[in-house]
Amino acid sequence: MKKVRVRFAPSPTGPLHIGGVRTALFNYLFAKKHGGDFILRIEDTDQKRYVEGAENYIVEAFEWCGLPFDESIKVGGKYGPYRQSERKEIYLKYIHQLVELGHAYYAFDSAEELENMRVRLQEAKSDIQHYNAITRGEMKNSFTLTEQEVKQKIAEGEYVIRFNMPSDEILTIHDIIRGEMTVNTKLLDDKVLFKSDGMPTYHFANIVDDHLMEISHVIRGEEWLPSMPLHVLLYRSFGWEAPQFAHLPLILKPKGNGKLSKRDGDQMGFPVFPTQWKTPEGEIYSGYREDGYLPDAFINMLAVLGWNAGTEQEIFTMPELIEAFSLEKIGKSGSKFDPEKTKWFNHQYLTRKSDDELAKLFMPVLQQKNITVSHEYVKKIMGQIKERAHFINDFWELSEYFFIAPTVYDEKMVKKNWKEGTAEKITELLNLLQNLSDFSAHHLENEIKNFVTEKEYGLGLIMNALRLLIVGQAKGASLFEIMEIIGQNETVLRIKNGLEKL
């Protein structure tokens with residue numbers, strides 16, 4: 001069996017959309033499932049649309065996602081170069097070969113002449129309105145000009161090389177996800193394969209590179225499905241074995257119809273890029289990394305967007321994804337993106353992380369706020385708050401009272417819980433707390449409950465008053481746990497300060 005080799009081949013024309021990340025992920029899972037290779041190839045033949053910084057962005061985004069390439073512009077490999085702009089001589093060799101085989105030809109039509117052709121066909125209400133076997137006989141190309149005229153125009157340097165599309169053939173093609181399809185070649189145009197500036201178009205470079213890099217499966221977005229007949233015919237024209245194709249369904253807008261775009265993210269308040277993207281002009285677009293998403297959660301969310309393992313399982317480790325993945329389990333229809341479900345995934349991954357891991361992630365936030373505490377102290381807090389958090393960014397709001405004593409007290413809580421005689425009762429309790437030798441949550445709970453029972457004060461009154469003094473408002477983890485974590489000295493100090501102020 002031919003070794004599985006797949007590639008993700010983005011163009012450096014801007015940031016990496018999450019649809020592209022999902023395509024790369026499905027390629028990665030398929031390769032690893034079958035012990036194959038996962039390759040990154042930069043398709044930068046369209047130099048006019050090249051955006052400075054986009055290539056580095058793509059590489060760094062995949063590093064954050066945790067999808068390592070076996071071959072790429074960064075790690076190299078024996079099938080390089082992996083940047084198309086560095087493969088010009090290779091394409092030149094093969095385009096000349098295709099012309100010699102009679103499967104491609106030179107065309108010299110100006111933009112104005114091409115537009116006139118389209119207008120003429122539209123006015124005639126022709127079923128065919130493109131450059132093909134029917135219309136090429138009326139245009140300027142190596143079929144209609146003399147050999148001498150062709151040589152002269154090539155020397156002048158204003159030309160393209162087009163594919164010689166068969167005039168009327170029923171072509172049958174197979175897609176792993178969509179099954180068998182047929183198309184009549186008379187409906188297809190003679191696509192431009194090569195330009196006089198020495199650069200191939202996407203279609204030609206793509207085919208040559210996939211063949212030379214021994215790509216076994218082409219797994220890409222469904223927007224490339226209309227190009228599949230041309231690609232299959234190009235393989236046939238060279239006498240090469242074509243790879244197997246699988247065209248993935250679109251990721252759709254959360255509301256309405258159509259493909260998810262970067263504008264949808266801007267308008268609805270969620271990222272559509274894996275990491276933050278800053279345009280050369282200084283515009284900034286949010287990323288999942290900067291918004292506090294964990295890479296594992298982000299990848300898990302994308303994996304189940306259009307693919308289903310056939311079970312109720314939703315949370316997958318990477319090894320589990322690799323084991324369960326198959327192209328046949330990918331749906332044909334597009335999948336609506338759900339921002340709330342994405343937050344749910346992040347919460348699931350957050351709560352599954354150890355308190356030690358979460359403390360490491362939270363420490364930089366505390367450093368930015370000039371708060372100096374030990375890792376062990378932060379680790380204790382994580383266990384108290386992580387169940388209520390969706391993001392690392394939520395931790396500060398959920399845990400602020402562990403680091404900063406209250407200086408103001410919630411007015412509604414004061415009105416409701418600070419009654420006549422409350423200060424005296426808390427002062428009695430303070431005397432008890434100051435003299436405890438065991439300040440663990442369990443021991444505190446027993447001592448305070450025994451105190452309340454003995455004095456017949458009412459547990460609710462005492463606990464609410466204590467929370468007000470220690471936290472400043474009606475929120476937070478178990479009060480006994482808070483007291484143990486902040487410690488006896490801090491607890492006593494907060495109670496004393498609160499008694500003075502209230």
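This is a predicted model, so every value here is computed, not measured.
- For the salt bridge (Lys or Arg N to Asp or Glu O under 4.0 Å) criterion with D37, the lone passing option out of K32, R7, R5 is R5.
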Taking distance alone, no hydrogens or angles, what donor-acceptor pairs closer than 3.5 Å link side-chain atoms of residues 285-296 to residues at least two apart or in another chain?
residue : atom : partner : partner atom : Å
Y288    : OH   : P271    : O            : 2.9
E290    : OE1  : Q276    : N            : 2.7

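- The CG atom of D355 lies 8.0 Å from the CE atom of M382; values are rounded to the nearest 0.5 Å.
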Please tabulate, for side-chain N and O atoms in residues 363-380, each donor-acceptor pair with protein atoms closer than 3.5 Å (sequence neighbours left out).
residue : atom : partner : partner atom : Å
S374    : OG   : Y377    : N            : 3.0
H375    : NE2  : D356    : OD1          : 2.6
Y377    : OH   : F402    : O            : 2.6

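- Taking 4.5 Å as the limit, some side-chain heavy atom of M483 sits within range of a side-chain heavy atom of I448.
- Ring geometry for F298 versus W64: interplanar angle of 30 to 60°, hence tilted.
- E43 and Y202 form no side-chain donor-acceptor contact under 3.5 Å, judged by distance and modelled atom types alone.
- Once rounded to the nearest 0.5 Å, the distance linking CG of N184 with CD1 of I170 reads 4.0 Å.
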Pair Y79-D209, side-chain hydrogen bond (donor to acceptor under 3.5 Å, both in side chains): steps then yes or no: CA-CA 9 Å; Y79 295 89; D209 288 344; over 6 Å; no
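- Put simply, the side chain of R178 gets close to the backbone of H247: a donor and an acceptor are under 3.5 Å apart.
- From L321, atom CG reaches atom CG of L25 across 7.0 Å, with rounding to the nearest 0.5 Å.
- Side-chain atoms of R352 and Q348 form a donor-acceptor pair, as typed in the model, at a separation below 3.5 Å.
- The structure places CD of E60 at 11.0 Å from CD1 of I58, a figure rounded to the nearest 0.5 Å.
- Residues F270 and E340 are not in side-chain contact: their nearest non-hydrogen atoms beyond the backbone lie 4.5 Å or more apart.
- Pairing each heavy atom of N346 with each of H390, the nearest pair is ND2-O, 2.6 Å.
- Using a 30° and 60° split on the angle between ring planes, H34 and F30 fall in the tilted class, from 30° to 60°.
- Side-chain contact between H203 and I207: absent, with no pair of heavy atoms (C-beta onward) separated by less than 4.5 Å.
- Taking CZ of F480 as the reference point, atom CG of L466 lies at 8.5 Å (rounded to 0.5 Å).
- For S237 (side chain) and H103 (main-chain N/O), no donor-acceptor pair under 3.5 Å exists by modelled atom type.
- In this structure the side chain of P229 reaches within 4.5 angstrom of the side chain of I173, judged on heavy atoms.
- The aromatic rings of F194 and F204 sit perpendicular to each other, their planes meeting at more than 60°, with 30° as the lower class boundary.
- In terms of modelled atom types and a separation under 3.5 Å, the side chain of N300 and the main chain of E314 share a donor-acceptor contact.
- The residues E169 and R236 are annotated as salt-bridged, a charged nitrogen and a carboxylate oxygen being separated by less than 4.0 angstrom.
- Residues meeting the salt bridge (charged side-chain N to carboxylate O under 4.0 Å, His left out) test with D189, sequence neighbours left out: K191.
- Relative to the six-membered ring of F325, K329 misses at least one condition, a distance below 6.0 Å or an angle of at most 45° to the axis.
- Among Y82, F26, Y28, F62, the single residue meeting the ring pair (Phe, Tyr, Trp, His ring centres under 6.0 Å) criterion with F8 is F62.
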